[in-house]
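Notes follow once the structure below has been shown.
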Amino acid sequence: MNTGNKVITIEVLRYRPEQDTAPVAQEYIVPFTDDMSVLQGLQYIKDELDGTLSFRWSCRMAICGSCGMMIDSVPKLACQTFLRDFYPNTVRVEALAHFPIERDLVIVMDDFMEKLDSIKPYIIPEKPRALSEGEYLQTPAERDLYEQFSSCINCLLCYAACPQYGLNSNFIGPGAMALLHRYNLDNRDSGKEQRMPLVHAEEGVFNCTAVGYCSEVCPKKVDPANAVNINKTESASDYFLRFVTPKGACK
Amino acid sequence: MKRSNAPIFWALFGAGGMLSALIGAVLVFITGIAAPSGTFLPREMLSYSNVLAFSQHWAGKGFLFIIIALFLWHSVHRIFHTLHDIGIHAGTGAKLICYGSALTGTLAAAYALLRIG
Amino acid sequence: MESFKADVAIIGAGGAGLRAAIAVAESDPALKIALISKVYPMRSHTVAAEGGAAGVVLSHDSLEHHFHDTVAGGDWLCEQDVVDYFVAHCAEEMVQMEHWGCPWSRKPDGHINVRPFGGMKIERTWFAADKTGFHMLHTLFQTSLQYPSIKRFDEHFCVDLLVEDARVQGAVTIGIASGEFTFIEARSVIIATGGAGRVFRENTNGGIVTGDGMALAYRHGVPLRDMEFVQYHPTCMPGTGLLFTEACRGEGGFLLNKDGYRYLQDYGLGPAQPKPVNKAMELGPRDRLSQAFWHEQQKGRTIEGPHGPVVHLDLRHLGEKYLRERLPQIYELAEQFLGVDPAQTPIPVRPAVHYTMGGILVDGNCASPLAGLYAAGECSSVGIHGANRLGSNSLSELCVFGKVAGEEAAKFAKAAAPGNSEVLRKQAEATQQRATHLVQNSKGGERISVLRREMAQTMEQGCGIYRMGDEMQRTCDKLAELRQRFVHINVQDKSRVFNTDWLLAIELGYQLEVAQAMAVSALNRRESRGAHQRLDGFTERDDANYLKHTLVTYSGADTPVVSYGPVKITHSQPAVRAYGAAGEKADADRAALDEKAAATGGRSA
Amino acid sequence: MSARGPARRPFVRSMEGWWRKNPYFIEYMVHEGTALFVAAYALILLISITCLARGEAAWNQWLAVLTNPLCIFVHVLLLVGFLYHTWTWFNIMPRTLPPIIMNGARVTAATITRTGLAAALIASLIIFIIAASLAS
């Protein structure tokens, strides 16, 4: 695996708000081995070449969701993208698309945090359940219904892949919709009625034009496009049938 | 939060998209290639009397109306979104032009089909 | 400087911090909570826990079994009254997690499922595939969003506690995005910042696991307890140290040496059976398995890989379908990072640092000796792990003691008199000056990365799986030297916005002190127990002299002071710690011993 | 570190030309572009029925246009556009449907796409057969 003294050029789109008016590209030459990830390349830069480079990272194993960035214009987790796949070409690294750049490879993610909050991502039980009543029963099949959508690590790659979010950040977007859908599908939850107004709203699912790239780039195979589009159908049938079946109508 | 009225347009878009995906190609082939060229179907098929008979039958009339209307609603919806995609956010204006032309086309089709008798 | 007035401030928003925040919010909605994290909560390292969380549910299991597995697993260095409380509340907390939406794996009838785990006599590990920590963290975080009294300070880095009138009264943070300081006043403070595994080189921990909270408490005179006990997880990725969960073995994986031989049977863990047997072979405790690796290496029976010697974790016999269902993340990890298909090829693994058993000294109520200061989770030493933690006890610990810490801190906050805001603000301003000074006056030539690397190297040399007095002494000397050199640290980045260089420097300061606490504790424990194994004449457990807790106390730039405290033993007298067939026999002996103890009135049920 | 006042100045990047930056987006714009073909064909049909409504002379004039080789060529282009629309429509379909469980397993995306394409083929054959029978 160690193949000696190969070097690769990593081009980082840098932005230091206190000195740059706009992002500028900076190149670094990094020695690498075949098992090195792009994240390890960036860590090498930080440790050995330039301590001023800023980026987020933590777990290194694609579960904490910190190190999402554009790598050769594709949203990816830097920890599970390998330098060997780019060699001998230059790897271009940029902050996740469609978010404001705080600095270098760090984005401002306040907008997503607000959206996550807004979808009520927690079990809203029909009636309170005491601990003494034990666990809810949930068959493996019932669990499978929502399990995929519960695997979202909030890495925001899907938002960086969604041009509709880029064009209009009021759109609730793929990740938050996947989690909304996850709770709606959970047989322990009765909060769907409280969440659907968000789906129906002008900021809701109909901003999606089924580009589908969000699901392509998802590192956890959550398929957020599916969550969004299932809810289009749900929202539309509610729109037309709400006068027939009064429950669930949006005020 | 204001409820979106998009379902109306989205439903028409979806219906038109599905219909055109299923049979759009074969219709283009029949009416635009096979019959006019007389290679796969007889040119006779497009004679005045034949087409008139088809259009006067309630089924033919309905079929033509649905095809024209839904194809229009499908395409204007996509065009409206594409305008937004390429940075033309005319908002209400673009919406009126896009969906307005589909509505006009739909009414024109209804008018023509009714006139055929 | 911005300010915020809270009733309870919680530093760290991983599993324990979030559980504590919810506990405070539920105990009294009027209490204002400041939940401080240097990352967004869902990035916390709880996210990486894979295997599961312990809680007795099966009818043939009992709290007594869980108690004995834990106490024996910890080589009798556990606080037995605290373990009693712990095992009695695990299952309840797991049910609570279930009510909050945690997607526990299920049995066909819809009840939750449990799996076997290392060192556990009976299956009692609740799991959500092999992403248990991820699901627990996200469940807790998302659940916490419904409590308006929790005010989050995401990406706020804590630089100091505020102590006045001999009690803790707040904290000072740097808003990472703005570089602005915030003065957070609080009547009680909970530290829940996780472990310190990053002081070692090869480790399973995230970059954020730098012992911040331990150092914060330590600097204010709170002793760190049992810091010499650092857990090596036996099955990690060579080079990066990424974790292959113990559940790989729980599901039936084998450990093979270069001859394809299940070598654990040579280390008192046998006999080898084709199916997993609890507390035997691959399901032995982590310290024993990591030690066996070391011995195999000495005998030249490991396999040489690009990142040093490895053994093989063999999952092939489980088949692709089963592996994809039970261990999907492991499957992907092996494929992506190693290019290995675990259904076809064994996975190369080696031990790496995984968990710090010791931590901030707290009692069974999570209260530290400093009034108003509480701690929970890996940063704390509440007394349940002893000299070696059992897999799946830590995720349960987060919940059980996160809740205790929350409730106790809430109680304290309600009873505490209001602090003197002006005095505290002055203190906060002094802290700001100190922290800012690190950047402004850093004209020294010491590089952060160089010091960090030297620290990790010396920790691995002196405080590895097996330890020697002279090597530990060298490590202590080296750490003292590094602390001196740290004064001349050079922070290259002078800016304010998202200055990670600055934070790395502060973290390094924390790490050096925590590492020193570990090394000094290790050097002074002249016996072998649990994860602390010596080769220099102290190869046996020495209950006569060392059945006691190590306490390290900060003493500024000098070497910390080591003292010892008693171990609370209620009803399990220290006995031979044995696994496999020998373990069965030891269990019988112990039962007899316990009966004797019970007869003399040593225990209340 | 010295200057006070907020140092944050988040940079918002332009979306200008976003769809040119990634092959996936180029393909998206192309398949969205098939709407122009669908619209064109709907207009052709609309003109057809309008001419038909105006009587035999008008129809025959229009028929002359339809049978013009250039017009047939235009229809060949339309056919390509429609076929691409069919292909892409059924490729996206799996992402838009709720999970379909058959025999205890979720129907795969590839199966859904193939079923859609097969349905289009069958529907087209039926239409062609009806057209042929009407013509004879």
Side-chain angles (χ1 to χ4, degrees), chain A residues 97-98 114-115 117-120 161-173 176-177 180 193-214 225 228-246 248-251, chain B residues 1-25 62 65-103 105-107 109-110:
Chain A
H98 307 155
E114 280 164 29
K115 285 178 167 146
D117 204 4
S118 74
I119 61 154
K120 300 182 194 284
C162 175
Q164 298 308 339
Y165 177 73
L167 291 162
N168 171 19
S169 64
N170 289 330
F171 173 34
I172 186 159
M177 270 309 300
L180 179 147
E193 242 178 87
Q194 295 181 41
R195 297 189 194 99
M196 287 311 277
L198 267 142
V199 174
H200 304 322
E202 292 199 329
E203 298 82 9
V205 286
F206 289 104
N207 288 277
C208 164
T209 54
V211 181
Y213 198 40
C214 55
V228 173
N229 284 283
I230 290 172
N231 277 286
K232 278 186 197 166
T233 315
E234 282 220 24
S235 179
S237 66
D238 178 78
Y239 188 88
F240 296 115
L241 300 176
R242 66 194 144 144
F243 303 114
V244 188
T245 49
C250 183
K251 280 155 216 126
Chain B
M1 256 170 308
K2 198 164 162 244
R3 182 157 189 158
S4 168
N5 56 14
I8 300 167
F9 305 108
W10 177 79
L12 290 167
F13 155 79
M18 183 56 89
L19 196 62
S20 53
L22 284 170
I23 58 168
F65 177 73
I66 285 170
I67 293 288
I68 294 170
L70 288 183
F71 279 24
L72 280 175
W73 284 101
H74 166 77
S75 48
V76 296
H77 184 77
R78 267 198 164 160
I79 290 165
F80 172 65
H81 278 284
T82 306
L83 287 177
H84 173 74
D85 288 350
I86 59 176
I88 304 169
H89 317 292
T92 319
K95 205 167 191 169
L96 274 176
I97 293 169
C98 286
Y99 296 122
S101 48
L103 184 64
T106 305
L107 293 175

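Each chain gets a letter, A, B and so on, in the order its sequence line appears, and its residues count up from 1.
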Inter-residue atom distance A/Asn168.CG - B/His84.NE2, 0.5 Å rounding
5.5 Å
Hydrogens and angles aside, do A/Glu202 and B/Asn5 bring a side-chain donor and acceptor to less than 3.5 Å of each other?
no
Can you see which heavy atom on B/Ser4 is nearest to which on A/Ala201, and at what distance?
CB-O, 3.6 Å
Distance-minimising heavy-atom pair for A/Phe206 and B/Pro7:
CE1-CG, 3.6 Å
Please look at A/Ser235 and chain B and tell me whether the side chain, the backbone, both or neither of the residue comes under 4.5 angstrom of a heavy atom of that chain.
both
Interchain contact, B/His77 with chain A, by part (heavy-atom threshold 4.5 Å)
neither
A/Thr233 versus chain B, heavy atoms under 4.5 Å apart: side chain, backbone, both or neither?
both
Rounded distance [0.5 Å steps], CD1 in A/Ile172 versus CE in B/Met1
8.5 Å
